[in-house]
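For the numbers below, each heavy atom of this structure counts, side chains included, while hydrogens, waters and symmetry mates do not.
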Amino acid sequence: TDRFADPEGAREHLYTERLIRLPIRQCFEPPPGAPDVSPLPALREGRVTFGSLNAFRKTTPTCWDMWAKVLNLLPEARLIVMEAGSPRVQQSLKAAFAERGVDPGRLDLRGKVSFQEFLALHAEVDIAFDPYPYGGGTTTCLGLWMGVPVVTLEGATVVSRSGARL
């Protein structure tokens, strides 16, 4: 394990084995043919674009609360959400953000796309939001490789600490 997944003195009681903390636990190899890192989209658009490019099923109302707070602080910002392509999901998500004071027109809800389209989509995102409480793994690594910083919340469980580790 590592100090992010299992902080010293916090989780030993959950294991039968003695924990050994390594300096790094994540390995990543960028995909062949990945596009170059693009210029910051905010420079072109004149506003910040946040993105949640992880599997939508990892998002929760707790995520939406936090994301809405950020969007309410930056009234020109918008949010791209992946895998929110079905009309039912889109309607529910727009209603949830409207309840939180965010104009649903600021949401760009996308369905599933090919892997190359997914990589290219990073050229539209200034800052990625990590889902909570189940943080990103490969998606976070790919976003960082594509030059997109990630905002994450370090939770109490291993799966909610993956963004902090990365």
Side-chain angles (χ1 to χ4, degrees), residues 4 26 28 30-166:
F4 295 104
Q26 183 74 28
F28 174 74
D36 291 335
V37 172
S38 67
L40 191 66
L43 297 176
R44 179 182 67 245
E45 299 294 328
R47 65 175 180 226
V48 175
T49 299
F50 296 98
S52 173
L53 306 185
N54 301 78
F56 181 73
R57 67 184 175 278
K58 289 184 172 185
T59 70
T60 63
T62 301
C63 284
W64 309 339
D65 290 341
M66 292 183 287
W67 300 350
K69 285 179 184 178
V70 173
L71 290 172
N72 283 323
L73 290 171
L74 299 167
E76 297 300 316
R78 67 185 190 116
L79 172 63
I80 298 173
V81 180
M82 284 291 301
E83 294 189 14
S86 80
R88 191 180 114 257
V89 169
Q90 288 186 3
Q91 184 179 21
S92 295
L93 195 57
K94 286 180 179 184
F97 273 83
E99 289 171 8
R100 291 161 173 83
V102 176
D103 177 357
R106 295 171 59 199
L107 303 178
D108 182 350
L109 307 178
R110 310 273 181 108
K112 289 186 178 188
V113 296
S114 72
F115 185 66
Q116 286 303 317
E117 291 170 313
F118 166 78
L119 291 175
L121 181 58
H122 289 84
E124 297 181 43
V125 176
D126 295 291
I127 301 168
F129 286 145
D130 201 24
Y132 182 85
Y134 191 90
T138 302
T139 301
T140 302
C141 288
L142 290 167
L144 293 169
W145 177 259
M146 295 303 303
V148 178
V150 179
V151 175
T152 189
L153 178 62
E154 187 175 41
T157 63
V158 172
V159 297
S160 67
R161 301 173 70 77
S162 60
R165 183 181 75 241
L166 297 173

Tell me the closest heavy-atom pair linking [X] and [Y], and the distance in Å.
{"X": "I127", "Y": "V125", "answer": "O-CG1, 3.5 Å"}
{"X": "L144", "Y": "P149", "answer": "CD2-CA, 4.3 Å"}
{"X": "P131", "Y": "W67", "answer": "CA-CZ2, 4.3 Å"}
{"X": "P31", "Y": "L119", "answer": "CG-CD1, 4.0 Å"}
{"X": "C63", "Y": "K58", "answer": "SG-O, 4.5 Å"}

Between [atom1] of [X] and [atom2] of [Y], what distance do you get to the nearest 0.5 Å?
{"X": "L107", "Y": "Q90", "atom1": "CG", "atom2": "CD", "value": "9.5 Å"}
{"X": "L93", "Y": "L79", "atom1": "CG", "atom2": "CG", "value": "8.0 Å"}
{"X": "E124", "Y": "S38", "atom1": "CD", "atom2": "OG", "value": "9.0 Å"}
{"X": "I80", "Y": "F50", "atom1": "CD1", "atom2": "CZ", "value": "11.5 Å"}
{"X": "R44", "Y": "D126", "atom1": "CZ", "atom2": "CG", "value": "8.5 Å"}
{"X": "D108", "Y": "M82", "atom1": "CG", "atom2": "CE", "value": "10.0 Å"}

Evaluate the side-chain proximity of [Y] to [X]: yes if any heavy-atom separation is below 4.5 Å, no if none is.
{"X": "T139", "Y": "F118", "result": "yes"}
{"X": "T140", "Y": "N54", "result": "yes"}
{"X": "P35", "Y": "M146", "result": "yes"}
{"X": "P133", "Y": "T62", "result": "no"}

Answer yes or no: is there a donor N or O on one side and an acceptor on the other, between the side chain of [X] and the main chain of [Y], under 3.5 Å?
{"X": "T49", "Y": "A42", "answer": "no"}
{"X": "R100", "Y": "K69", "answer": "no"}
{"X": "E76", "Y": "V48", "answer": "no"}

- Message: Salt bridge check, E117 against R110: does any charged N sit closer than 4.0 Å to a carboxylate O?
- Response: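 No.
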In terms of ring plane angle, is the pair W145 and F28 parallel, tilted or perpendicular, where the classes change at 30° and 60°? tilted
Ring-plane angle category for F97 and W64, please: parallel below 30°, perpendicular beyond 60°, tilted otherwise.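 Tilted, since the angle between the ring planes falls between 30° and 60°.
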Margin query: Can you confirm whether more than 12 heavy atoms, excluding those of Q116, are under 6.0 Å from its CD atom?
Written below: yes
Within the supplied structure, the quantity of interest is the number of heavy atoms (other residues, nucleotides, ligands) at a distance under 6.0 Å from Y134 OH; does it exceed 12?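 Check fails, neighbour count at 12 or below.
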Run the numbers on D130 and L153 for side chain to side chain contact (heavy atoms under 4.5 Å, CB included), then give the verdict. CA-CA 8 Å; D130 201 24; L153 178 62; over 6 Å; no
